[in-house]
Amino acid sequence: MTNSNPESAPAPNQDAITPSSFLRDFIAEDVRTRKYGDAQVQTRFPPEPNGYLHIGHAKAICIDFGLADEFGGKTNLRFDDTNPEKEEQEYVDSIQKDVRWLGFEWDRLCYASDYFGQLYEWALQLIKAGKAYVDDLTADEIRQHRGTLTEPGTDSPYRNRTVEENLDLFARMKAGEFPDGTRVLRAKIDMASPNLNMRDPVMYRILHASHQRTGDAWCIYPMYDYAHGQSDSLEHVTHSMCTLEFADHQPLYRWYIEQLGIFPTQQIEFDRLNITYTVLSKRRLIQFVQEKRVNGWDDPRMPTLSGLRRRGFTPEAIRTFVAAAGVSRTNGTTDIEMLEHFQRDDLNRRAQRAMAVLRPLKVVIDNYPAGQEEYVEVANNPEDPSAGTRQVPFSGEIYIDQDDFREVPPPKYYRLSPGKEVRLRNAYFVTAHSVVKDEAGNIVEVHCTYDPASRGGNSPDGRKVKATMHWVSVAHAISAEIRLYDKLFIKPDPNDFEEGGSVLDNLNPHSLEILTGAKLEPSLANAKLEDRYQFERVGYFCLDPDSTAGKLVFNRTLPLKDAWAKIERKSGG
Ligand code: ATP
Ligand code: MG
C-alpha cells in the first residue's frame with residue numbers, strides 16, 4: 001500500500017484491509033478485459049468537509065485505498081466541497097489527519113472546488129445542447145412538480161426557454177444579479193422517469209456565500225450530484241466506490257458523463273457500516289457536539305476516528321474490524337462487541353501491563369518491618385517477552401481496590417476478607433485480620449500480616465491461594481483522574497424512539513464516570529499519549545491529552561471481560 005507517512009501506523013497486510021470480494025471481482029474483471037486500456041486503477045475517497053470522519057468512513061477508506069493498492073493503482077483524497085455554508089477548514093485538516101492515522105496516504109489531494117470553472121463550462125455546454133435550463137420555480141414548487149414514486153412529475157413552465165434566454169439568465173445568475181433561491185439551473189432529462197433523480201435535477205443554485213477556498217468568486221454553486229460524477233471523471237477515477245444510497249444516482253452521473261463525452265468512471269455501491277449502540281451520521285454527530293451532549297468531536301465516547309483515537313483505539317484494530325465486518329450489497333448492522341473484541345485482541349498483544357487501583361482501600365501490613373521498602377520485578381507484557389520487566393516498589397502500606405475486600409464475603413468470593421489469605425501479584429501472600437472504620441461505619445483500613453517466605457508470589461510450602469490481586473504502594477503511588485466510558489446510547493438501535501422523540505432520548509446518562517482518587521504505580525508518571533496500558537485486572541487504558549504535569553488523566557479504552565461480574569449477574573447479585 002502507499003504509505004509514506006512516518007507518523008502513520010505500519011502497513012496492514014492485504015487481507016486486513018480489503019474486506020470485499022464482489023468489489024475486487026468487479027475491478028479484476030475490468031482489468032482483465034482492459035476496459036480502461038493501459039490506465040491504472042484509480043479510486044478516490046470523497047468526504048464532504050462538513051464534520052469529522054467516523055468509523056463508517058473508515059470502511060470506505062479501507063475499501064478505496066485498499067483495493068486501489070491491491071491492483072497497483074492510486075487513490076486521491078478529494079474534498080467534495082460544494083456546500084460552503086456547512087464546510088470548514090477545521091474539518092479539512094482533521095480529515096487529512098485521520099486518513100493518515102488510519103494508515104493511508106493519498107496520491108493527489110483534490111477539491112471539487114478546483115473544478116468549479118470546468119463545471120461551469122460544462123453547464124454552458126449542456127445549455128447550448130438544449131440539455132439544461134434556468135428555472136424560476138421556487139424550491140417548494142419544484143418539489144410539488146416532481147411527482148412521486150407512483151406518479152410522474154410535471155414540466156416546469158420554464159422548461160422550454162430558448163438556449164439564448166437560458167445562457168443569458170445563467171450568466172446573470174453567475175454575475176450575482178439575483179437573490180438566493182430565486183432561480184436554479186436544471187438538467188433537462190425526463191419529468192416522467194421512474195427514477196426521481198432523473199426528473200430534471202437541479203445542477204446549480206444561487207448562494208451568496210463565501211467559500212472556504214474560492215472566497216467570493218462564485219455566488220452559484222453546483223449541486224453535489226452535478227459535481228460528483230464529473231469530479232471523478234476529471235481525475236480519471238476508474239472505479240468510484242460509494243454507499244448504497246447512491247445507487248439511484250448512478251444513472252444521473254452516467255447521463256452527465258455521456259452528454260459531455262468525458263472519461264467514463266464506473267460507480268460501484270456497497271453497504272454502509274452500521275454498528276449497534278452507535279450513531280454514524282455527521283448531521284447527528286454535529287448536533288451532539290453543538291448541544292454539548294459530548295465534549296467535542298474527539299470525545300472518547302464519539303464514534304469519530306478522533307474520538308476512538310483519544311479513547312485508545314488503534315488503527316490496526318479498526319482496520320481488522322472493518323475487514324471482518326465485511327462488505328455486501330445489502331445494509332445490515334454489526335455488533336459493537338465485535339469492534340471491542342478486535343480492539344481487546346490488539347491491545348492484549350501490545351499493551352504494557354501496569355498496576356492501578358481505581359477505588360483505593362488502604363491495607364496496612366502489621367508485621368512488615370517499619371520504614372522498609374523493596375522492589376519487585378514485574379513483566380511488562382506476559383504476551384511479549386521482548387517488552388522486558390520493570391521494578392515496582394512495595395512497602396508495608398499498600399492500596400487495593402475496594403472491590404477486593406469484603407468484611408462479610410458472599411459465597412464464591414475468593415478475594416480478601418478476614419481470615420482469608422490471598423496473593424499480592426508478584427509480591428507476597430497476605431492474610432487479613434481486622435478492619436478500621438470511620439464514624440459512618442465505612443471501612444477505611446484493613447490490617448493484614450504477610451508471609452516473608454512467599455516473596456515473588458509463591459509460598460515454599462506449596463500453599464495455594466484462590467485470588468491474586470493488584471496493589472500499589474501507598475508511599476510511592478501517584479494520583480490520577482480516571483475516566484470510565486460506557487456506550488453513548490442505551491439502545492442497540494439508537495433510532496428506536498417514541499413518536500415525536502429523537503435519538504437524544506436514547507443517550508446513556510451514565511456514559512462517562514470520572515474517578516478522581518485513583519492510585520497508580522509510579523512508572524505511569526512517564527506515560528505518553530501513544531502508550532497503551534493494561535491496568536491489571538481492570539482494563540485497557542491510555543493517557544488523555546487533558547493531562548498536565550501536575551494532573552494525570554487516563555481514559556479507559558475498554559474494560560477487561562469481567563468473569564466475576566458475570567457470576568454476580570447470574571446469581572442476581
Ligand atoms: P454522513 O451520513 O455521516 O454525513 P456521508 O456519506 O454524508 O456520511 P461523506 O463525507 O459524503 O459522508 O462520505 C464520504 C464517503 O464515505 C462516501 O463515499 C460515503 O459513501 C462513505 N461513507 C459515509 N458513511 C459511511 C458508512 N457508515 N459506511 C461506509 N461508508 C460510508
Ligand atoms: Mg454525504
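Every number for a ligand or one of its atoms is a count from 1 in the order of the listing.
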Answer yes or no: does an N/O atom from L273 fall short of 3.5 Å to an N/O atom of ligand 1? yes
Would F489 and F288 count as a close aromatic pair, with their ring centres under 6.0 Å? yes
Atom 8 (O) of ligand 1: of H228, E269, R283, R272, the nearest heavy atom sits on R272
For I490 against Y277, the heavy-atom pair lying closest together: O-CE2, 3.6 Å
Return yes or no for this condition: an N or O of T243 is under 3.5 Å from an N or O of ligand 1. yes
If the contact criterion is a heavy-atom separation under 4.0 Å, does H54 count as touching ligand 1? yes
Is the closest side-chain donor-acceptor distance between E90 and Y52 under 3.5 Å? yes
Starting at CZ of R293, measure out to CG of L285 and round the result to the nearest 0.5 Å. 13.5 Å
Just go through F45, Y52, Y91 and tell me whose heavy atom is the nearest to atom 15 (C) of ligand 1. F45
Any side-chain donor paired with an acceptor under 3.5 Å for S193 and R199? no
Could you name the option among E48, M241, R44 that has the heavy atom nearest to atom 11 (O) of ligand 1? E48
Under 3.5 Å: N/O of K282 near N/O of ligand 1: yes
Give a yes or no on this: more than 12 heavy atoms of other residues, nucleotides or ligands lie within 6.0 Å of atom CD of E498. no
Is the shortest N/O to N/O distance between H57 and ligand 1 below 3.5 Å? yes
Does an N or O anywhere in P46 fall below 3.5 Å from an N or O of ligand 1? no
Enumerate the atoms of ligand 1 whose separation from the nearest heavy atom of A60 is less than 4.0 angstrom. 16 (O), 21 (C), 30 (N)
I'd like to know whether CD of E85 has more than 12 heavy-atom contacts from other residues, nucleotides or ligands below 6.0 angstrom. no
